[in-house]
Amino acid sequence: MLIPEFSFRRVEQLRPAIRHITAELLDGLVKQRQPADLVEHFTLPLPLMVICELLGVPYADREFIHRQAAAFATVSAGPEAMRAGWAALFGYLQELLAVKAHTPGDDLMSKLATERVATGEATAAEAAGLLVQILIAGHETTASMLSLGVVALLHHPDQLAALRAAEDLVPGAVEELLRYLTVVHIGLRRIATQDVEVGGVTVRAGEGVVVALQAANRDPAVFADPDSLDLTRDTGQHLAFGHGLHHCLGQSLARAELQIALPMLFHRLPDLRLTGPAAEEYAFEGRAVHGVRQLPVAW
């Protein structure tokens, strides 16, 4: 139902808008008093602005959206708090869908309301549920990737220098950062439908399996010296976006944002540096998506 809206061709059409948003945020960042929080002024608002623009969600509601999304993604808060975050976003988007049904715009939510819900192909609840997932996944993961990508590159100046020296290295560098960081830190839960052998262990039909993507992406049988960051390596087999039927719907959008934002940031601020405590001290605790709460920088 939504694949056409996130296709490679559709995302390529969005690149000028992503560049414009990135440039505006960088203009705002350089006006901040130093040190400034890169998360607050760049890495979080960028993907949130892009996904709000794509869906047709008012960016003015960003604080509410991010607060509820963070509540849902905080596993350590417990199931009640997580359900409350989901429910708040679900109710908000159901109301917005109803508005779009009467006054549609040129956005994904309007298309869902007029082409899917109005025709009976999907219920309003199904559409709202889809939108909650897209809204959460569409900014939490990319924001974390941008923040930790900056940290990783600043901690590996030789790799950053190589990235700056060769524009054609950018797509491959983004794939390596996706592999190296693998920000989705909650195991994917599956049930075996038949007996299968995995790594010399027999998994019986009906047994549960938890797939740890971050472990798979550091598998020495697949990647040489997997704990090192090498922007020139072939990362074609990484699983940061999942695999097969459940491959991430928004992978092309995430790639575009990372490919645009990271080079633009380091071009605009070539002497960007981290300030204050180590980035690890700002790390999220108990979150399904690994990242940092803030990232003080100067330039």
Side-chain angles (χ1 to χ4, degrees), residues 1-22 24-25 43-73 85-146 184 240-242 245-261 288-289:
M1 196 178 287
L2 297 175
I3 283 172
E5 300 300 323
F6 290 91
S7 67
F8 177 80
R9 179 178 296 181
R10 171 71 175 122
V11 170
E12 287 301 294
Q13 295 170 349
L14 292 174
R15 281 182 179 263
I18 297 171
R19 289 191 186 94
H20 179 72
I21 291 171
T22 302
E24 284 195 332
L25 287 171
T43 62
L44 177 58
L46 193 156
L48 190 50
M49 289 176 75
V50 171
I51 200 67
C52 284
E53 179 77 17
L54 181 65
L55 295 183
V57 173
Y59 185 64
D61 296 335
R62 61 189 179 278
E63 291 186 9
F64 165 80
I65 292 167
H66 182 62
R67 185 170 64 251
Q68 303 306 329
F72 172 69
W86 176 277
L89 283 176
F90 182 83
Y92 166 79
L93 289 168
Q94 266 201 314
E95 292 180 6
L96 202 51
L97 265 172
V99 172
K100 297 283 186 179
H102 293 95
T103 54
D106 184 21
D107 54 67
L108 191 153
M109 194 181 305
S110 295
K111 288 183 179 180
L112 272 179
T114 58
E115 298 177 11
R116 307 293 186 174
V117 177
T119 61
E121 189 174 350
T123 66
E126 287 170 336
L130 279 173
L131 290 165
V132 172
Q133 294 181 61
I134 293 169
L135 191 56
I136 293 173
H139 83 274
E140 283 272 330
T141 49
T142 307
S144 290
M145 269 300 306
L146 282 170
V184 177
F241 290 119
L245 180 65
H246 297 286
H247 215 77
C248 174
L249 176 70
Q251 60 178 304
S252 293
L253 182 61
R255 285 186 168 106
E257 291 177 49
L258 293 165
Q259 290 170 7
I260 290 168
V289 177

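Here the shortest heavy-atom pairing between P58 and Y92 reads CD-OH, 3.5 Å. Scanning all heavy atoms of the two residues, the minimum distance from A124 to V117 falls at N-CG1, 3.9 Å. Contact detail for L96 and G56: the closest heavy-atom pair is CD2-O, 4.2 Å.
A donor-acceptor pair under 3.5 Å is formed between the side chain of T22 and the backbone N or O of I18. R62 places a side-chain N or O within donor-acceptor distance of the main-chain N or O of Y59, the cut-off being under 3.5 Å. Not a single donor-acceptor pair under 3.5 Å links the side chain of E5 to the backbone N or O of L2. Here the side chain of K100 pairs no donor or acceptor atom with the backbone of D107 at under 3.5 angstrom. In this structure a side-chain-to-backbone donor-acceptor pair under 3.5 Å is missing from T142 to H139.
For the atom pair L93 CG and Q133 CD, the distance stands at 11.5 Å (nearest 0.5 Å). Here CZ of F6 is found 5.0 Å from CG of L54. Values are rounded to the nearest 0.5 Å.
Within the 4.5 Å cutoff, the side chain of L249 has heavy atoms near those of the I3 side chain.
Residue-environment remark: CZ (F64) exceeds the threshold of 12 foreign heavy atoms within 6.0 Å. Atom CD of Q259 has more than 12 heavy atoms from other residues, nucleotides or ligands within 6.0 Å.
Ion pairing between E12 and R9 fails under the 4.0 Å rule for side-chain N and carboxylate O.
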